[in-house]
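Working notes, structure below.
Chain letters run A, B, ... following the sequence lines, proteins first and then strands; every chain starts at 1. Worth saying up front: this structure is predicted, and the values here are computed from it rather than measured.
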Amino acid sequence: MTRFFQVQRYTAILLVVFMALHMIVVHYPPGHIDFGRVIERLENPVWKAIDIAFLLTVLVHGLSGAWVVLVDIGKVNPFRKVLAVLIAIVGVAAFIYGTMTIIAFQLPT
Amino acid sequence: MADLNVITHDILIVGAGLAGTWAAMSAGENGVKDIGVLSKVHPLRSHSSAAQGGIAAALNNVRPVEGTGPRGPLEQIPPGDDPIDSPDLHMFDTIKGSDWLGDQGAIEIMVNEAPEIVYQYERMGCVFSRTPDGRIAQRRFGGHSVPRANYAADYTGHVLLHTIHEQAVRNGVKFYAEWYCLDLLVEDNVCRGVVALDITTGELYLIRAKAVFFGTGGYGRAWKITSNATANTGDGVAIAYNAGVPLMDMEFVQFHPTGVYGKGILMSEACRGEGGYLRNVNGDRFMENYAPDKMELAPRDLVSRSEQTEIEQGRGVGADGEGIYLDMTHLGAEKIMERLPQVRELALNFAGVDIIDAPAPIQPTAHYSMGGIPVNANGQVISDAEGTPVVGFYAAGECACISVHGANRLGTNSLLGASVFGRRSGKAMAAFVLSGAALQPVDEGAVKKNRQCISTLMDDSSINGKKESPAAIAEELKTAMTRYAGVFRDEERLTLACEKVQELTDRFKNARIMDKSRRFNTDLLGAIETEHLLTFSKVIVNSGLARTESRGAHYRTDYPKRDDEDWLKHTMAHKDSNGEPELSYKDVDIDWDRYPPQERKY
Amino acid sequence: MFKTTGFISFVLRRFTGVVLVLYLLTHIWVLGAANQGVEAFNRRMELFQSPVTITLEVLLLAAVVYHGFDGIRLLIVHYFNVTDQRKSLFYAAFATAALLTIVGGVPMLLFAFGIG
Amino acid sequence: MTAQEQTIQARVHIQRYNPDVDRKPYLQTFDVPVPQGMTILDALAYIKAEIDGSVTFRRSCRHAICGSCAVNVNGKNMLACNTPLRTVLTKKNEVTIRPLSFQPIIKDLVVDRSAFWEQYLKVKPWLIPPENSGPKEYRVTPEEVKALNRAETCIMCGACYASCQVVAMNRQYIGPHALLKAFLRVLDPRDSAPAERLELVSGTDGVFRCHTIFNCIDACPKNLNPTEAIETLRKLTQRRLAFEKEREERQKTL
Ligand SMILES: Cc1cc2nc3c(=O)[nH]c(=O)nc-3n(C[C@H](O)[C@H](O)[C@H](O)COP(=O)(O)OP(=O)(O)OC[C@H]3O[C@@H](n4cnc5c(N)ncnc54)[C@H](O)[C@@H]3O)c2cc1C
Ligand code: HEM
Ligand code: SF4
Ligand code: F3S
Ligand code: FES
């Protein structure tokens, strides 16, 4: 529990940075988003790394948050271990899939 | 009986205030495992938590700064300097405060054990206020000749009670919270157990025990204007009396001069300590007619009497002219906010007055009951003037009369008394149980009898169609006690009081309650408590009528002098076969060489 | 009890948090189209660039900024002893979030409805 | 000196419920004359004595020190005994009194506090003093006492506990009252088991279950601040062992 809380708080701090970055870089100014626009940035491996870290952070934060929300409910609380495993599986799957996506952004050769 | 619930314990304790909890703790520490504690309110709700001022003990931590007078600042006593206080001095102050009615042997035990018990409280976790070098801070208190009140801001009792309760839980004491003790089973001068009601379910239980302890608190609720909690209905006192145990010195009840007008809630002595004035309806500081030197800082009983004189001579304030103004407006907002914030809050909430810009109406309030179940210094209840013990029955705290407070208790001595004698009782009970005491046979009819009483109260087909409301009876009793057995007494008033109590007792036979349910029936409890009030009020007024002198808190306008010749003795009241109190007297334990009676002058 | 800033902020934070998680998972799935190549990605992105979805995205933005600033508020409470300012802190977080939603949302809407 | 203010008439709605006979709680209305200075508790006592003796509530000290009388008034938890009735009346001179929220009801305004007390005992509310207890008092500085004062005046009234929605969702949560108590013991220089306590409150149901709703502060009649206590504990759990070392050092000079 201590760790979940810790993780939530630290990831929250990281998210402040990532989120700001993400909003500015990806969505500002608003406009049509297509492969081309994304690739401009993701050509740079540093951006790739940043996005992967962002993905990890947001997943950890969001999913541990979801776990907390569920476990807060008295009736669900006894199943918190099972839930943690389930959510971790979701998290890992989403992370792998998301990472593949990020890597997939390459100039077609 | 098929439906008889029986519980057994080695030691059963009734009351979870300081006295009861200490008894449980110390019985446990002395080797008894099976201890049950019964309390009609949750233990932490016991009235001990209301004590504000402090607990007395000659610790010698602080002294007045030299040359600053009786109200000057205090400083810590540097290590190595001469002490200013001693148990002997504490003893003398207590004896003097008691107007020489206190039993000096018991007082000596109390003052000698005082420092140790305060240290023990501290080591158990009480957060006392501190001197700069980290010792327990002390303050002055009325009637004590040196600063001796060890305190935790203005919630000392709260801290003590929580601490001791927690430690008792830690030691595995079993608490029955919200259980009401209805009856005590004493036969052939041997105590056998109690009948109790689980308030939540309404179930009756017979609780058998080798030793029973009462720490049921005071009986200040018999007055309309009182600082006491609603739980302080003197149940233990009445129950013991009904079981054939005598009551001692019941006529002595302390009135505090500054209770919130119409409510009695305590406004701390600090109001006057910080320089508050008392004024009558004309705005005069009337204390100059009664105590020109000490003015508002005269002892509690004197100030209360001065206020009452003003009120009775028509110079009172408030809707019914029963109040006096406590004026602190000249102190200024700053000082009030700094030193008396809680008092201001209190006056705001309970009198609707901001003491910064208006005087607060106050009036004398019933505060502490000196009398109670007679016990010796080991907490063992005695059944006559010779000190014959009731086997297996113990008591301490405000419900008991040891008597360390005599005719008038000094502030801060009651927390001390409850703790010291609660602890001693626990030890004595442990010795009694471990010496091979056995469970005594009980008459199971007792439960039936109590069940009968309850169903009578709930019954609606009342005799001669007359129904009385217990609440109304209680209200009338309180009004009568305030008027006729209050700060001032005389033959006429006390006779009126006797008649009134008798009338109400008769009327109570037709009392019926409105709530007919079993579950958490506070209406029923209220009725039973009213019956208790009537029971011991009768003893109070009769004892008071008989005592033709003025001593300590008992002030007879027709006998304004103390009379050591005839009345240097304790009143003992037994219930006779007609249910009337039968008075006898018991000598006061006095060390004639050391502390012979003197005039009580401040 | 139910009308306190503390409780309102809690409900909003919780609600936005859960919405964001659900969105995040969808988002990852949507972007996953990139794995199937450029066309697939662009096709899927088209789906999400209608005025309706962009309006929804503005709400999403509101959720993100609210959740974010409320989260920052909690971080402040955690690291500094400012519970006495609890009400002002909430108003500040809420106002900032509203402001940013407008600043970010208006251009998005303009874009969506082709006014920009 | 102050003008005698007039008695006004109030309509007091009280939630009644006796599980033995009633299918569900209902409101009953009583007309009460309100003289100057009448508290909510006075009004309840008036109703019980004069109108309906079966109205059930808890009370004892009458001046905000025993913690018996907390109830829910117009949707807020507070003490009945220190709240003047006039301050809670609506414009139409009405007031609604319910039992403390989220608690099982025993009868009328009396709630079952077992969970509340269980949580209180769960944090081991007693001091665990050091082994080397001397003959006199431990030396504690006035500053250290001042820090403890922020928790010491808690009267265990439960107003905070019954305003916390986390409690409402999950009865396993230790709750603000008990965490405040834990804070008191952890910060007490005389306590020798701070690490153990911090371990205890950092569990699944401890300080991290609190979502900083702040209702506990708003409800507390003693102006205490459980949230801050919880935040302090959270920070301390992160340096549990170091903190215990510091404590051991401190205790050498007790
Ligand atoms: C406002 C106020 C301020 C005070 N300030 C001070 C002070 O500063 N210093 C000082 O020394 N003294 C002070 N006193 C006096 C002191 O608080 C009491 O004398 C002392 O606390 C009594 O303790 P106790 O253990 O005897 O009883 P209590 O603490 O009153 O406890 C009585 C217990 O008995 C239980 N009980 C009673 N009847 C029954 C029953 N029928 N069945 C089951 N349980 C029952 C109750 O539930 C309770 O647990 C003050 C008193 C008041 C009213
Ligand atoms: C700027 C970015 C963010 C910050 C500062 C932030 C901060 C926080 C904080 C401090 C909490 C803890 C709340 C508590 O303990 O009660 C939290 C909870 C949560 N967050 Fe975030 N967050 C951010 C972004 C996100 C994002 C993008 C998501 C979604 C994927 C998310 C999902 C959640 C969830 C589901 C919870 C649990 C909800 C709850 O406990 O009430 N957060 N957030
Ligand atoms: S913290 Fe305040 S509200 Fe909570 S139990 Fe203690 S006194 Fe009551
Ligand atoms: S209301 Fe509850 S959620 Fe935390 S801040 Fe107070 S304990
Ligand atoms: S009656 Fe004691 S706190 Fe209200």
In terms of heavy-atom pairs under 4.5 Å with chain B, which of Pro142(D), Pro19(D), Ser60(D) leads?
Ser60(D)
Would you call Glu122(B) and Lys136(D) a salt bridge, taking side-chain N to carboxylate O under 4.0 Å as the test?
no
Check whether any side-chain heavy atom of Lys107(D) sits under 4.5 Å from a side-chain heavy atom of Ser517(B), and report yes or no.
yes
When heavy-atom pairs shorter than 4.5 Å are enumerated against chain D, which of Val118(B), Leu59(B), Ile136(B), Leu266(B) gives the highest number?
Ile136(B)
Max heavy-atom pairs within cutoff under 4.5 Å with chain B, candidates Leu254(D), Val140(D), Val21(D), goes to Val140(D)
Please look at Ser46(B) and chain D and tell me whether the side chain, the backbone, both or neither of the residue comes under 4.5 angstrom of a heavy atom of that chain.
neither
What I'd like to find out is whether the side chain of Lys181(D) reaches to under 4.5 Å of the side chain of His162(B), using heavy atoms alone.
yes
Tell me, with the steps shown, if Arg185(D) and Glu166(B) meet side chain to side chain contact (heavy atoms under 4.5 Å, CB included).
CA-CA 12 Å; Arg185(D) 294 306 176 210; Glu166(B) 286 153 6; 2.6 Å; yes
Is it the backbone or the side chain of Ile51(D) that comes under 4.5 Å from a heavy atom of chain B, or both, or neither?
backbone
When you compare the side chain of His165(B) with that of Trp126(D), does any pair of heavy atoms fall below 4.5 Å?
no
Picking from Ile128(D), Thr83(D), Thr87(D), Leu184(D), which has the most non-hydrogen pairs under 4.5 angstrom with chain B?
Ile128(D)
Answer with side chain, backbone, both or neither: which region of Leu148(D) has an atom nearer than 4.5 Å to a non-hydrogen atom of chain B?
side chain
Would you call Thr200(B) and Ile106(D) a side-chain contact if the rule is heavy atoms closer than 4.5 Å?
yes
Only pairs of heavy atoms separated by less than 4.5 Å count here; which of Thr230(B), Val260(B), Leu524(B) has the most with chain D?
Thr230(B)
Could you list which of residues 111-123 of chain D have a heavy atom closer than 4.5 Å to any heavy atom of chain B, in residue-number order?
Arg113(D), Trp117(D), Tyr120(D), Leu121(D)
Given the options Ala471(B), Gly125(B), Pro470(B), Ala137(B), which has more heavy-atom pairs under 4.5 Å with chain D than any of the others?
Gly125(B)
Between Ile265(B), Leu44(B), Asn521(B), Val127(B), the one whose heavy-atom pairs under 4.5 Å with chain D are most numerous:
Val127(B)
Are Asp515(B) and Thr56(D) side-chain neighbours, meaning at least one heavy-atom pair lies under 4.5 Å?
yes
Asp133(B): which residues meet the side-chain contact (heavy atoms from CB on, under 4.5 Å) condition with it, sequence neighbours left out?
Gln76(B), Thr131(B), Arg135(B), Arg139(D)
Could you check if a side-chain atom of Arg130(B) sits within less than 4.5 angstrom of a side-chain atom of Glu144(D), using non-hydrogen atoms only?
no
Pairs of heavy atoms under 4.5 Å with chain B: top-ranked of Asp191(D), Asp52(D), Thr39(D), Thr153(D):
Thr153(D)
Are the side chains of Phe350(B) and Asp42(D) in contact, using a 4.5 Å heavy-atom criterion?
no
Which bit of Val55(D) comes within less than 4.5 Å of chain B, counting heavy atoms only: side chain, backbone, both or neither?
backbone
If one checks every heavy atom of Val110(D) against chain B at 4.5 Å, the contacting part turns out to be side chain
Could you tell me if Glu345(B) and Asn82(D) have a donor-acceptor pair between their side chains, going purely by distance under 3.5 Å?
no
Can you run down the salt bridge (Lys or Arg N to Asp or Glu O under 4.0 Å) pairs that involve residues 56-71 of chain D, sequence neighbours left out, and say none if there aren't any?
Glu178(B)-Arg58(D)
So which part of Ala229(B) gets closer than 4.5 Å to some heavy atom of chain D, the side chain, the backbone, both or neither?
both
From Leu127(D) atom CG to Cys126(B) atom SG, the distance as rounded to the nearest 0.5 Å:
9.5 Å
Looking at Gln167(B), Met514(B), Arg519(B), which makes the most heavy-atom pairs under 4.5 Å with chain D?
Arg519(B)
For Lys76(D), give me all partners under side chain to side chain donor-acceptor pair (under 3.5 Å), at least two apart in sequence or on another chain.
none
Kindly determine whether Glu137(D) and Asn61(B) satisfy side chain to side chain contact (heavy atoms under 4.5 Å, CB included), including the steps that lead there.
CA-CA 11 Å; Glu137(D) 71 266 58; Asn61(B) 286 350; 3.1 Å; yes
Pick whichever of Arg170(B), Lys263(B), Glu116(B) has the most heavy-atom pairs under 4.5 Å with chain D.
Arg170(B)
Is there a side chain to side chain contact (heavy atoms under 4.5 Å, CB included) between Glu475(B) and Glu50(D) once you walk through the steps?
CA-CA 11 Å; Glu475(B) 211 43 45; Glu50(D) 306 288 333; over 6 Å; no
Measure the shortest side-chain to side-chain distance between Ile155(D) and His158(B) over non-hydrogen atoms and say whether it is less than 4.5 angstrom.
yes
